[in-house]
Amino acid sequence: MTGTTESLTPYDEALAAYDPALGLEVHVELNTASKMFCGCPTEFGAEPNTQVCPTCLGLPGAMPAVNRRAVESAIRIGLALNCDIAEWCRFARKNYFYPDMPKNFQTSQYDEPIAFDGWMDVTIEGEDGEPESFRVEVERAHMEEDTGKSLHVGGATGRIHGADHSLVDYNRAGIPLIEIVTRPIMGAGERAPEVAKAYVAQLRDLIVALGVSDARMDQGSIRADVNLSLAPKGSGGLGTRTETKNVNSLRSVERAVRYEVRRHAAILSGGGSILQETRHWHEDTGITTSGREKSDAEDYRYFPEPDLVPVAPSREWVEELRATLPENPTARRARLQAEWGFSDLDMRDTIGAGALGLVEETIAAGAPPQAARKWWLGELARRANEDGVELPDLPITPGEVARIQALVDEKTVNDKLARQVFEGVLAGEGTPDEVVEKRGLAVVSDDGALATAVDNAIAANPDVADKIRDGKVAAAGALIGAVMKEMRGQADAGRVRELILERLT
């Protein structure tokens, strides 16, 4: 299926003929210690089917109970998205069959969500390079439970087509989810893919700031369903939509929107009609393929969950939770950029590398802003890439990075030697100071040792020495390099230069 290529209209031609409308449904897996309706643990990566009980397996007679922490997280997410918080809401049963859903229904919220009528202003880069704001209206944020996970064995794609057999892991069944649903996003035009990506990116930042989820797209703790439709240019209407399921990276959100725009336009321009369906996104080929015909709400036969009482958060509790909200991530970024003196490009690269929090902590530990940024986006980003890990997973703390920079500022080590200090800390050889001592990395400033090395360099390079005597001071760089080589990079370059000029000028 992943090799199937459909007819596509060039993107510019598609946007000349049609107006796109977006809808984004983002599922956030909460980081509660237990599941939504039972006490089973929620640890990621546990052995299959070891975190289950009669309730999350849907066994007869098992009774659910609502996780208070999950309700609290849902309210805080709603408040952060400028939503109204329901005074009274309840759960419903959403009836449909999935092999990895043990109850044959999902406990969710239907017509009475806990949060509704919100919005988020997202920022994209304008045509003139300046930031441009675009408001995305949030229809609702509701509570529900996750399904289990199917593993299709055999075949080349990991999907059910061509598999020999399937296995089901129910550890994830019952994990608390918050589903955040936008209203149709219209008027973005050719910028629709960028708006979709920016919305999911800022929503992820907000979720992380709230501390309600680790929001790891690669682990599925935040995933986006991308709805898209096209209508004739200027009609102001909505076309038939498709829903691309479980897109799990920001880049893929943008690519999926762009692909579906081109695919829809090709079908419509050819006189065809769009089938309302779910689609699968294929990261390897950058295309979507058909999943199943999309059901409307009435097809799920929703009815109120009889085993759970309604949720009625008091206004006092809501206001208490409002007081716990962190600084808005967008406002925080603007504040930090001004405080640090970063250019727009500096800040964009820092955020794009996932290093904003790390840089902030390193600066708080005493490092100058540009130095903190240099180490995380340079030496440490290179190492993370080589090791195939995320920056926060490197075995080094912001405090240790700040200490290494302090050693540079104190002239205990230079930049080149500092890289060896990083290497030692990452290898588990101890603190930065311990690595310097164990490896003998301290810069040599002793005039006796330096003078001997300088005399050797002058003797070995008489032509360079003559140029300096003739007033060509810039030639001293070659002698400094020779001294640094002899002293294995551990000489104080500034003092070496002074000694060379004392002897030759």
Side-chain angles (χ1 to χ4, degrees), residues 25-78 85-116 140-150 168-181 207 210-214 219-223 297 300-314 317 321:
E25 302 171 15
V26 178
H27 295 79
V28 178
E29 201 173 85
L30 300 180
N31 59 4
T32 54
S34 57
K35 293 186 180 181
M36 188 75 211
F37 303 113
C38 67
C40 289
T42 58
E43 180 186 354
F44 179 81
E47 287 296 312
N49 298 308
T50 58
Q51 298 182 165
V52 294
C53 72
T55 299
C56 57
L57 288 177
L59 300 183
M63 294 293 288
V66 176
N67 185 325
R68 177 184 170 90
R69 183 61 179 271
V71 175
E72 177 182 296
S73 296
I75 293 172
R76 295 180 72 234
I77 290 172
I85 305 301
E87 296 187 16
W88 188 96
C89 61
R90 59 183 174 179
F91 288 95
R93 291 187 179 185
K94 181 180 181 182
N95 295 274
Y96 62 105
F97 173 76
Y98 268 8
D100 51 11
M101 192 167 64
K103 298 182 294 189
N104 286 344
F105 65 84
Q106 180 186 34
T107 305
S108 181
Q109 291 187 305
Y110 173 41
D111 55 344
E112 297 168 308
I114 193 166
F116 54 92
R140 56 191 282 144
H142 65 258
M143 299 179 285
E144 61 185 24
E145 60 180 338
D146 211 345
T147 61
K149 183 178 181 180
S150 293
V168 182
D169 177 8
Y170 287 118
N171 281 350
R172 199 175 68 184
I175 294 283
L177 286 181
I178 304 299
E179 181 175 354
I180 302 164
V181 182
I207 296 300
L210 288 167
V212 298
S213 172
D214 61 9
Q219 293 183 0
S221 51
I222 182 169
R223 48 193 188 268
Y300 291 120
R301 305 187 318 281
Y302 283 99
F303 64 86
E305 169 57 71
D307 292 334
L308 290 169
V309 298
V311 177
S314 70
W317 188 31
L321 294 176

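Closest of all the heavy-atom pairs between P113 and A86 is O-CB, 3.5 Å. The two residues C56 and A173 make their nearest non-hydrogen contact at CB-O, 3.6 Å. Counting all heavy atoms, side chain and backbone alike, D100 lies closest to K149 at CB-N, 3.9 Å. Scanning all heavy atoms of the two residues, the minimum distance from N49 to Y170 falls at OD1-N, 2.7 Å.
In this structure, the side chains of M101 and K94 stay at 4.5 Å or more apart for every pair of heavy atoms. Looking at heavy atoms from C-beta onward, R172 lies in side-chain contact with E29 at the 4.5 angstrom threshold. In this structure, R93 and P306 have side chains that are in contact, with non-hydrogen atoms separated by less than 4.5 Å. Residues S34 and N67 form a side-chain contact, since some pair of their non-hydrogen atoms from C-beta on lies under 4.5 Å apart. Counting only heavy atoms from C-beta outward, the side chains of V66 and M36 approach each other to under 4.5 Å.
With hydrogens and angles disregarded, a donor-acceptor distance shorter than 3.5 Å links the side chain of R76 to the backbone of L210. A distance-only check finds a donor-acceptor pair linking the side chain of T42 to the backbone of T32 [under 3.5 Å]. Judged by distance alone, the side chain of N95 and the main-chain N or O of F105 form no donor-acceptor pair under 3.5 Å. For the pair R140 (side chain) and F116 (backbone), a donor-acceptor distance under 3.5 Å is absent. A donor-acceptor contact shorter than 3.5 Å is absent between the side chain of T55 and the backbone of P64. Using a distance-only test at 3.5 Å, with no hydrogens or angles considered, no donor-acceptor pair links the side chain of Q51 to the main chain of N171. Between the side chain of D146 and the backbone N or O of G174 there is no donor-acceptor pair closer than 3.5 Å.
With rounding to the nearest 0.5 Å, the separation of OG1 in T107 from CG in L177 is 11.5 Å. Annotation: the span from L57 atom CG to C40 atom SG amounts to 7.5 Å, rounded to 0.5 Å. Note that OG of S221 is 9.0 Å distant from CG of N31, once rounded to the nearest 0.5 Å. Taken to the nearest 0.5 Å, the CD1 atom of I77 stands 8.0 Å off from the OG atom of S213. Atom CD of Q109 is separated from atom CD of E179 by 11.0 Å, given to the nearest 0.5 angstrom. With rounding to the nearest 0.5 Å, the separation of CG in D214 from CD1 in I207 is 11.0 Å.
With hydrogens and angles left out, the side-chain atoms of E144 and S108 include a donor and acceptor closer than 3.5 Å.
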Exercise for the section: Kindly indicate, with the supporting measurements, whether the criterion side chain to side chain contact (heavy atoms under 4.5 Å, CB included) is fulfilled by Y302 and D111. Expected result: CA-CA 9 Å; Y302 283 99; D111 55 344; over 6 Å; no
Handout entry: side chain to side chain contact (heavy atoms under 4.5 Å, CB included) assessment of I178 paired with M143
Key = CA-CA 5 Å; I178 304 299; M143 299 179 285; 3.8 Å; yes
Handout entry: Stepwise side chain to side chain contact (heavy atoms under 4.5 Å, CB included) check, F37 with D307
Key = CA-CA 11 Å; F37 303 113; D307 292 334; over 6 Å; no
Exercise for the section: Might you work through the side chain to side chain contact (heavy atoms under 4.5 Å, CB included) test for I114 and V71, ending with a clear yes or no? Expected result: CA-CA 9 Å; I114 193 166; V71 175; 3.9 Å; yes
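Checked against the 6.0 Å centroid threshold, Y110 and Y300 do not count as a close aromatic pair.
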